[in-house]
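Below: one structure, written as structure tokens.
The sequence lines fix the lettering, A, B, ..., with proteins before strands; numbering per chain opens at 1.
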Protein chains: 2
Amino acid sequence: METTVKPKKLARTSARATGGSLSSNGSGGARTVASRPTLNAFQLQAVSFFVHAFAALSLPRSIGEIYGLLFSTEEPLSLDDIIARLRISKGSASEGLRWLRSLGAVNPVYLPGVRKEHFTAETSLRKLATGYLRDRINPHLENGPERLHHLQDSIVEGAPESSFQKSRSNQVAGWYKFMGKVLPVVKALAGKF
Amino acid sequence: METTVKPKKLARTSARATGGSLSSNGSGGARTVASRPTLNAFQLQAVSFFVHAFAALSLPRSIGEIYGLLFSTEEPLSLDDIIARLRISKGSASEGLRWLRSLGAVNPVYLPGVRKEHFTAETSLRKLATGYLRDRINPHLENGPERLHHLQDSIVEGAPESSFQKSRSNQVAGWYKFMGKVLPVVKALAGKF
DNA sequence: AATTTTGTTCAAAATTTCTTGAACATTCTG
DNA sequence: CAGAATGTTCAAGAAATTTTGAACAAAATT
């Protein structure tokens, strides 16, 4: 009957196989510009790995797939390469690439004489962490001071509960201070990897 | 035309007002055990605050609401108190409370002579962070070594791309080391708030 | 033991998020 | 410039998650 607590994502149904229809190719990857729509064993593992890892951050599978493919491929790949290899739609690939690019998780590569834009994966943890914090965490922290003020302004001076409420407000203020302390440390540590 | 990048959640439609139908009550909160279904200004702000904050972690709004209510209420509240005040279903309240409890974000309070289980919010950042890391992050890190091995095992020794693939594997190994370094530091810093 | 109180579970409904695919915009090539 | 190549956008469909509500289980009271 499973009486144990199961704090995962409150999920109940959940299920979306990592598989799909990614064909594997004995060995070959891309050559100069790549175009053959198969993944080698390493690429398959990498895609699976990053789909899982990105899911931990509640990011869509397509983004994990794209990053995993680029991470595991030495040659720069174009939008069409990605579409052909991962069998995802143009729309997903385009939006996914944009997201990764804005984060700094993917680098454009200029290939002389080649029209299509090509990309490789950024693997510097410092850059990845910085980009993620900048795009996904900071936006939530920025209006922090304002939100804290809202909280403080809603306290009725003199009311019996005001003392309790003030201590809670201070608690929140402390959390913001914590974020201010911990984020730089994380970035500094990330720089070493 | 907004040509600027907008890496948020890839959301396009999105919209679910924070408001809802939480009635505000001039001043009064709960008395001893609470049961009047209104929120004071401070509680309203707190609920809004935590719904927003939890959303940053992709957690459902009901969980943010419950934690926000408990955080902003001095008296312990029961399941029915929460339902009445937040106007959410029994199911949501029950599952949300279970999730918060298993994380350690909510503490059961024993009130002599009272049947219903009552709860207060845990506000120690150390406990909150520890619980979150334990329940949401560690599970993803635990099978890390195994996943890393899969990656390494898929490398074909001697193949021209094996050198590249090995360097990528090492990259991943480094990331796991980073997590091993940074998590303890975060916990240690959290202890001070 | 029957009844009431309290809390959990889960199928169905509501909502949100993601993917697709085709239309559109833009840039390059001949 | 016309046509082709490349890439973006977004409405509609598909899929996943969250919420609801009622049935069920467990514990306490009479």
Side-chain angles (χ1 to χ4, degrees), chain A residues 1-18 20-21 33 35 51 54-55 57-66 77-84 86-102 106 108 111 113-119, chain B residues 1-18 20-21 33 35 51 54-55 57-66 77-84 86-102 106 108 111 113-119:
Chain A
M1 267 297 156
E2 188 185 43
T3 318
T4 56
V5 285
K6 48 171 177 178
K8 261 256 160 152
K9 178 73 175 182
L10 312 214
R12 188 165 306 111
T13 50
S14 168
R16 185 149 70 148
T18 303
S21 64
V33 160
S35 74
V51 165
F54 280 47
L57 302 172
S58 301
L59 294 173
R61 97 180 266 100
S62 62
I63 289 185
E65 290 176 321
I66 295 170
L77 298 182
S78 71
L79 183 68
D80 284 332
D81 291 334
I82 291 167
I83 292 169
L86 295 175
R87 317 288 180 84
I88 62 178
S89 71
K90 222 176 175 185
S92 276
S94 178
E95 287 226 35
L97 261 182
R98 165 164 66 167
W99 192 90
L100 288 166
R101 226 181 314 163
S102 87
V106 141
L111 299 177
V114 176
R115 279 277 299 280
K116 294 181 182 176
E117 216 174 355
H118 283 64
F119 301 91
Chain B
M1 268 299 153
E2 189 183 40
T3 318
T4 55
V5 286
K6 47 171 177 178
K8 262 256 160 150
K9 178 71 173 183
L10 311 215
R12 190 165 304 114
T13 48
S14 168
R16 183 146 74 148
T18 303
S21 64
V33 160
S35 71
V51 164
F54 280 48
L57 301 173
S58 301
L59 294 173
R61 96 179 270 102
S62 62
I63 290 186
E65 291 177 321
I66 296 170
L77 299 181
S78 70
L79 183 68
D80 284 332
D81 292 333
I82 291 169
I83 292 169
L86 294 175
R87 316 289 181 86
I88 61 179
S89 71
K90 222 176 176 187
S92 276
S94 178
E95 287 227 33
L97 261 183
R98 164 163 68 166
W99 192 90
L100 288 166
R101 226 182 312 162
S102 86
V106 142
L111 300 176
V114 175
R115 279 273 303 277
K116 295 181 182 177
E117 215 174 355
H118 284 64
F119 301 91

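- In this structure, B:Ser78 and B:Asp81 have side chains that are in contact, with non-hydrogen atoms separated by less than 4.5 Å.
- To the nearest 0.5 Å, atom CZ of residue B:Arg101 and atom CZ of residue B:Arg98 are 8.5 Å apart.
- Note that the CD1 atom of B:Ile82 and the NE2 atom of B:His118 stand 9.5 Å from one another [nearest 0.5 Å].
- Whole-Å rounding puts the B:Leu57 CG to D:dT17 P distance at 17 Å.
- Straight-line distance from the CD1 atom of B:Ile63 to the C1' atom of D:dT17: 12 Å, rounded to whole Å.
- In terms of heavy-atom proximity, B:Ile63 sits nearest to B:Gly96 at CG1-CA, 4.1 Å.
- Bending across the helix from C:dA1-D:dT30 to C:dG30-D:dC1, expressed as the angle between its end axes from five pairs apiece, amounts to 10° (10° rounding).
- Contact annotation: B:Arg101 does not reach the phosphate of C:dG7 (side-chain N/O to OP1 or OP2, under 4.0 Å).
- Distance CH2 (A:Trp99) to P (D:dG7): 21 Å, rounded to an integer number of Å.
- Distances were taken from every side-chain heavy atom of B:Pro60 (C-beta onward) to each of C:dG7, D:dT19, D:dT20; the shortest belongs to D:dT19.
- Rounded to a whole Å, the CD atom of B:Glu65 is 11 Å from the C1' atom of D:dT19.
- Exactly one residue among B:Leu77, B:Val106, B:Leu100, B:Val51 makes a side chain to side chain contact (heavy atoms under 4.5 Å, CB included) with B:Ile66. That residue is B:Leu100.
- Going from atom CZ of B:Arg61 over to atom P of D:dT20 covers 10 Å, rounded to whole Å.
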Fill in: Base-contact (B) and sugar-phosphate-only (S) positions in nucleotides 21-30 of chain D, heavy-atom cut-off under 4.0 Å, - elsewhere
B------SS-
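- Rounded to the nearest 0.5 Å, atoms CD1 (A:Ile83) and OG (A:Ser94) are 8.0 Å apart.
- Between A:Arg98 and the phosphate of D:dT9, there is a side-chain N or O to OP1/OP2 separation shorter than 4.0 Å.
- A straight line from CD of A:Glu95 to P of D:dT8 spans 10 Å, rounded to a whole angstrom.
- Rounding to whole angstrom units, CG of residue A:Leu59 and P of C:dT19 are separated by 11 Å.
- Distance check, rounded to the nearest 0.5 Å: OG of B:Ser58 to CG of A:Leu57 gives 8.5 Å.
- Side-chain atoms of B:Ser94 lie closest to C:dT8 of the nucleotides D:dT20, D:dT9, C:dT8.
- The phosphate of C:dC18 (OP1 or OP2) has no side-chain N or O of A:Ser62 nearer than 4.0 angstrom.
- The separation between A:Ile66 atom CD1 and D:dG7 atom P is 13 Å, rounded to whole Å.
- Take A:Lys116 and apply the salt bridge (Lys or Arg N to Asp or Glu O under 4.0 Å) test, not counting sequence neighbours, and it matches A:Asp80.
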